[in-house]
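I have placed the structure first, in the form of structure tokens, so that the comments after it can refer back to it.
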Amino acid sequence: MWRYYDSWEEYKEVFHKNDMRITINKFADTEPKGYAKTSYQFIQTLSSEKLTDEKIAELCADTIGYLDKMKNDLDTMIKIASKDDDYITLALKQCKSLVYDEFIQSRLESKFQSERDDARGNKLILKDSLYSYICPDLYAFCTWLFCGIKNPAGIIPRDYVYNSFFNDKPYEVVDCLRSPHLYIEHGIRKLVKGDTLEMCKEWFNDYDTIVSSHDLLCRLLMFDVDGDEVLLTPNKTIIECVLDDIVPLYYVPFEPVKSEV
């Protein structure tokens, strides 16, 4: 918007004159669910040669397992039926067998059909995966800003990412995925470990995904760091079925015709 104002002072004056407000309309997850659903686009861009029938079965295993539990596992049924309804939650705490009540069963069946439709549309469940905001290596920025280092090393090495969600998990590699998925943008990156991990714990909290200032992941996924989200998944099947030698679909964003508002 800087093109429309002569100075920061002018912008502030107009901002207050028009009684504008700054509000927060979206928050990052503070308690990840422990799983995420993939977009159909992410699956469609996997290698058709690598994605054999056996690999498809592996990829669908978590989703099929959850659908089976929705029909056969009492604890899963109670958890689903109790969501967003305090009265049903209280009733089921007193008597678990109420989950077989006709009304509750109709709600469970509706949820089951919704989950099954998602699965048919390639929205598959991925365990130990999450969507999170993308954040640059602010340690590198701070050393440039406050220490005057022209080419800061930062904390995150090239071809690595950091997210505290994986601190205590055994995974070494994740696939970084972002919508819109315009080409075959699978960003396979290593997770920070060792001494670097301990430094990351000191500087970065919550569940943002920190990317390296030496990495071209931003060009591959075409993201900004103003609220864009990325899906991180350590799903072995997806990673194994990614095409080899992906060339970034980098393009220079066009500017729309400017008009006076």
Side-chain angles (χ1 to χ4, degrees), residues 26-30 32-39 41-42 45-46 126 128-147 149-236 238-239 242-253:
K26 189 175 182 181
F27 292 86
D29 287 336
T30 55
K33 295 178 291 186
Y35 70 92
K37 285 188 177 180
T38 179
S39 160
Q41 293 176 318
F42 303 154
T45 56
L46 295 176
L126 303 175
D128 290 337
S129 305
L130 83 162
Y131 286 90
S132 67
Y133 286 129
I134 306 169
C135 180
D137 187 344
L138 294 178
Y139 181 90
F141 174 69
C142 288
T143 54
W144 170 82
L145 181 64
F146 300 115
C147 302
I149 300 175
K150 292 184 178 180
N151 296 300
I155 298 179
I156 314 298
R158 182 178 178 177
D159 296 331
Y160 281 78
V161 294
Y162 171 76
N163 192 300
S164 62
F165 177 76
F166 296 101
N167 282 357
D168 301 319
K169 293 179 172 58
Y171 307 109
E172 300 286 339
V173 178
V174 291
D175 192 0
C176 306
L177 298 157
R178 178 179 170 268
S179 295
H181 197 69
L182 304 175
Y183 183 46
I184 47 174
E185 303 96 327
H186 289 264
I188 307 299
R189 293 296 184 272
K190 300 174 185 177
L191 290 169
V192 169
K193 299 290 182 180
D195 294 338
T196 306
L197 175 60
E198 296 307 313
M199 196 170 182
C200 286
K201 290 178 181 178
E202 294 180 16
W203 276 84
F204 309 120
N205 55 18
D206 294 327
Y207 296 102
D208 292 333
T209 295
I210 316 299
V211 298
S212 173
S213 58
H214 307 284
D215 201 338
L216 291 179
L217 185 63
C218 59
R219 295 302 193 197
L220 176 65
L221 301 185
M222 291 300 290
F223 64 74
D224 298 318
V225 287
D226 56 1
D228 287 5
E229 285 188 320
V230 65
L231 168 62
L232 296 186
T233 179
N235 186 278
K236 183 180 178 182
I238 288 181
I239 293 172
V242 170
L243 288 164
D244 299 322
D245 302 323
I246 296 175
V247 178
L249 182 64
Y250 171 67
Y251 57 91
V252 178

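- Leu177 contributes atom CG, which lies 8.5 Å from atom CG of Leu232 (distance to the nearest 0.5 angstrom).
- Under the 4.5 Å side-chain criterion, counting only non-hydrogen atoms from C-beta, Pro152 is in contact with Trp144.
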Residues 130-141, side-chain donor-acceptor partners within the protein, below 3.5 Å, at least two apart:
unit_1 : atom_1 : unit_2 : atom_2 : d
Tyr131 : OH     : Lys37  : O      : 2.7
Ser132 : OG     : Asn163 : ND2    : 3.4
Ser132 : OG     : Thr209 : OG1    : 2.5
Asp137 : OD1    : Tyr139 : N      : 3.1
Asp137 : OD1    : Ala140 : N      : 3.4
Asp137 : OD2    : Ile155 : N      : 2.7
Asp137 : OD2    : Ile156 : N      : 3.0

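- One distance of note links OH of Tyr183 with CG of Leu220; it measures 10.5 Å at 0.5 Å rounding.
- Across all their heavy atoms, Gln41 and Ser179 have their closest contact at OE1-OG, 4.1 Å.
- Under the 4.5 Å side-chain criterion, counting only non-hydrogen atoms from C-beta, Val174 is in contact with Phe166.
- By the ring pair (Phe, Tyr, Trp, His ring centres under 6.0 Å) test, Phe42 is found to be paired with His181, residues two or more places apart in sequence or in another chain being considered.
- With sequence neighbours left out, the side-chain hydrogen bond (donor to acceptor under 3.5 Å, both in side chains) criterion links Asp215 to Arg189.
- Take Asn205 and apply the side-chain hydrogen bond (donor to acceptor under 3.5 Å, both in side chains) test, not counting sequence neighbours, and it matches no residue.
- Once rounded to the nearest 0.5 Å, the distance linking NZ of Lys150 with OG1 of Thr143 reads 14.0 Å.
- The heavy-atom pair separating Ser164 from Tyr207 by the smallest distance is OG-CD2, 3.5 Å.
- In this structure, the side chains of Val161 and Ile210 stay at 4.5 Å or more apart for every pair of heavy atoms.
- In terms of modelled atom types and a separation under 3.5 Å, the side chain of Thr233 and the main chain of Ser129 share no donor-acceptor contact.
- Of all the heavy atoms in Leu221 and Cys176, the pair that sits closest is CD2-O, 3.7 Å.
- Under a cut-off of 6.0 angstrom, the local environment of CG in Asn151 is sparse, with at most 12 non-hydrogen atoms contributed by other residues, nucleotides or ligands.
- Phe165 CZ: more than 12 foreign heavy atoms inside a 6.0 Å radius.
- Here the side chain of Asp159 pairs no donor or acceptor atom with the backbone of Lys190 at under 3.5 angstrom.
- The salt bridge (charged side-chain N to carboxylate O under 4.0 Å, His left out) test applied to Asp228 returns Arg178, not counting sequence neighbours.
- For Arg219, the side chain to side chain contact (heavy atoms under 4.5 Å, CB included) test picks out Leu216, Tyr250, with sequence neighbours left out.
- Residues meeting the side-chain hydrogen bond (donor to acceptor under 3.5 Å, both in side chains) test with Asn167, sequence neighbours left out: Tyr162.
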Sequence neighbours left out, cut at 3.5 Å: what donor-acceptor pairs do the side chains of residues 191-202 make with other protein atoms?
unit_1 : atom_1 : unit_2 : atom_2 : d
Lys193 : NZ     : Lys169 : O      : 3.2
Lys193 : NZ     : Tyr171 : O      : 3.1
Glu198 : OE2    : Lys201 : NZ     : 3.4

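- Listed by chain and residue number, nothing satisfies the side-chain hydrogen bond (donor to acceptor under 3.5 Å, both in side chains) test with Asn235 (two or more places apart in sequence, or in another chain).
- Remark: the backbone N or O of Leu243 is not paired with any side-chain donor or acceptor of His186 at under 3.5 angstrom.
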